[in-house]
Each structure stands twice: as C-alpha cells, then as structure tokens.
Amino acid sequence: GIQVEQSPPDLILQEGANSTLRCNFSDSVNNLQWFHQNPWGQLINLFYIPSGTKQNGRLSATTVATERYSLLYISSSQTTDSGVYFCVVRSGDTGNQFYFGTGTSLTVIP
Amino acid sequence: GAGVSQTPSNKVTEKGKYVELRCDPISGHTALYWYRQSLGQGPEFLIYFQGTGAADDSGLPNDRFFAVRPEGSVSTLKIQRTERGDSAVYLCASSRGLANEQFFGPGTRLTVL
C-alpha cells in the first residue's frame, strides 16, 4: 500500500499565527483530500485536491502530484482550528483503498 | 438526507456478542466506505462498495467482520463474536464515485466490555 507521512505530528500555535502542514506519499495518486477532525471526532472536508492549488477563506492547499506531496496552509489561525488534520490518498494503481496519513495534531491557544 | 448518517451513535456490548452498525449514505452516492479508528490513531480502511457489491474488502481484519449493501444505498457492518480489541469508532463515508470526494458520517463508537 501507499505510505502517507504527515508533518509535523504535533503543532501548537498562538491564535493569529500561520502554519503549513505537509503530506508526503510514496506512490502516484489519483485522489487526495484534506480533512479536519474536530475534538468531537467529526471529519470535516477541507479540500479535494489531487493536483493544483485551491483556496477557501483562511485555508489553502497545493498538491504537486509529480513530486508526491501536498501542503495545507492555515492563515490567521483560530482556536476553532484545533484538532487533527488528515491527508487521505488513493492510488488507482494499487487497488481501491484509501490511505489516511499519520495526522497533524494542531492546538491553537488564545 | 443532507449528509451521511450512522446509527447507533454509541454501542456498548459484551464480549462474544453480535453487533450491527448502520450507515445511510448521501442520496445518489454510489460509493460507500467503512473505516475503523482506534483511540489515538488515524482511520483504517475496512471495505468499499460500488453499488451493491463489495469492490474491495481487503481491509476487513478477519472473518468475524462482514458488510452488506443489498440495495445499493444503506449499508450494515456486522461483527460476530465481538472481542475487546474491536472497540473503536467505526466511520462510514460515501462519494458519487470512486474518483470523487468522500463525505464522512459522525461514526459509531463501539465499546466491547
């Protein structure tokens, strides 16, 4: 299967700070999503981004498929951004499974 | 419905019992996925349906786990002879198709005593 590594594993930010989360994957993918798992466990869709760049408010994401990585940018962080961020990928070459990354646990302090 | 729903939200059972977990996908979504998330870990893939058929069940841990989707909509994950190690949050997701964005339900927290 595909190995999906996220960094950093843990991150503590002061409210208002910016951050970049990284997702590296070991094989070519045809599906990549970023999710935020809030403290209540709900997985919230952030981006569907197998390639290219997208922006949604304070968040943006870039996937460089040829170099096998994706970045999630959080600007002007808020306490409600706290939780775990997951990158999820699928490779059509190695079956139909979706693989979750190792996650980045973000804590934003006021 | 507006989103993926899962019932029950919590299930407590005794070791050795049989449990069923239900998932209602977003209307019109042909693909449905089950995942399991243990405490402090990321979700792990269990099984994927495209329509009524299980297109990939390679993530099911053993033959005590089984899932069905008889009419291509609602799915049921069935666990026989539950063990304490089965305790986890079971997540369901759906998408329009395999190449499309997945949307997750709130999960069912299973506790095996």
Side-chain angles (χ1 to χ4, degrees), chain A residues 1-10 21 23-25 28-52 54 56 61 63 65 70 83-107, chain B residues 2-6 8-10 23 25-26 29-51 53-61 67 69 87-111:
Chain A
I2 301 175
Q3 306 304 310
V4 187
E5 296 289 333
Q6 292 184 240
S7 59
D10 299 281
L21 281 57
C23 171
N24 291 332
F25 39 93
S28 59
V29 300
N30 59 16
N31 187 316
L32 188 149
Q33 288 185 251
W34 282 97
F35 290 92
H36 173 212
Q37 189 165 41
N38 66 22
W40 295 271
Q42 177 69 49
L43 282 160
I44 299 164
N45 292 48
L46 298 178
F47 294 101
Y48 171 74
I49 188 166
S51 64
K54 292 185 177 179
N56 183 5
T63 297
S70 183
V84 182
Y85 289 79
F86 287 107
C87 165
V88 186
V89 305
R90 175 187 173 269
S91 166
D93 296 332
T94 56
N96 296 317
Q97 286 196 29
F98 283 83
Y99 296 88
F100 272 75
T102 48
T104 291
S105 178
L106 173 65
T107 302
Chain B
V4 179
S5 62
Q6 293 186 246
S9 55
N10 282 283
C23 172
I26 293 172
H29 281 194
T30 60
L32 185 146
Y33 318 82
W34 283 99
Y35 296 83
R36 178 169 72 173
Q37 186 172 22
S38 300
L39 190 63
Q41 306 292 318
E44 294 180 315
F45 170 84
L46 296 177
I47 186 170
Y48 149 67
F49 288 88
Q50 178 62 41
D56 186 340
D57 64 357
S58 60
L60 294 177
R69 194 185 185 199
S87 296
V89 175
Y90 289 80
L91 294 161
C92 176
S94 71
S95 65
R96 287 194 182 281
L98 181 58
N100 300 106
E101 187 176 5
Q102 292 183 80
F103 295 87
F104 280 82
T108 293
R109 182 175 299 279
L110 175 65
T111 303

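Each chain gets a letter, A, B and so on, in the order the sequences are listed, and its residues count up from 1. Predicted model only: the values in this text are computed from it and were never measured.
Among all heavy-atom pairs drawn from Asn30(A) and Tyr48(A), the shortest one is O-OH, 4.1 Å. Taking each heavy atom of Val89(B) and Gly107(B) in turn, the nearest pair found is CG1-CA, 4.1 Å.
Under the 6.0 Å cut-off for aromatic ring centres, Phe25(A) and Tyr99(A) do not qualify, their centroids lying 6.0 Å or more apart.
Among Gln37(B), Arg109(B), Glu101(B), Gln41(B), the residue with the largest count of heavy-atom pairs under 4.5 Å with chain A is Glu101(B).
Looking at Thr30(B), its side chain does come within 3.5 Å of a backbone N or O of Arg96(B) through a donor-acceptor pair.
Neither the backbone nor the side chain of Leu46(B) comes within less than 4.5 Å of any heavy atom in chain A.
Within a 6.0 Å radius of CD in Gln50(B), other residues, nucleotides and ligands contribute more than 12 heavy atoms.
Remark: His29(B) pairs with no residue by the ring pair (Phe, Tyr, Trp, His ring centres under 6.0 Å) rule, at least two apart or across chains.
Ring geometry, Tyr35(B) versus Phe45(B): the interplanar angle exceeds 60°, so the pair is classed perpendicular (tilted spans 30 to 60°).
Using a 4.5 Å cut-off between non-hydrogen atoms, the part of residues 39-47 of chain A that approaches chain B consists of Gln42(A), Leu43(A), Asn45(A).
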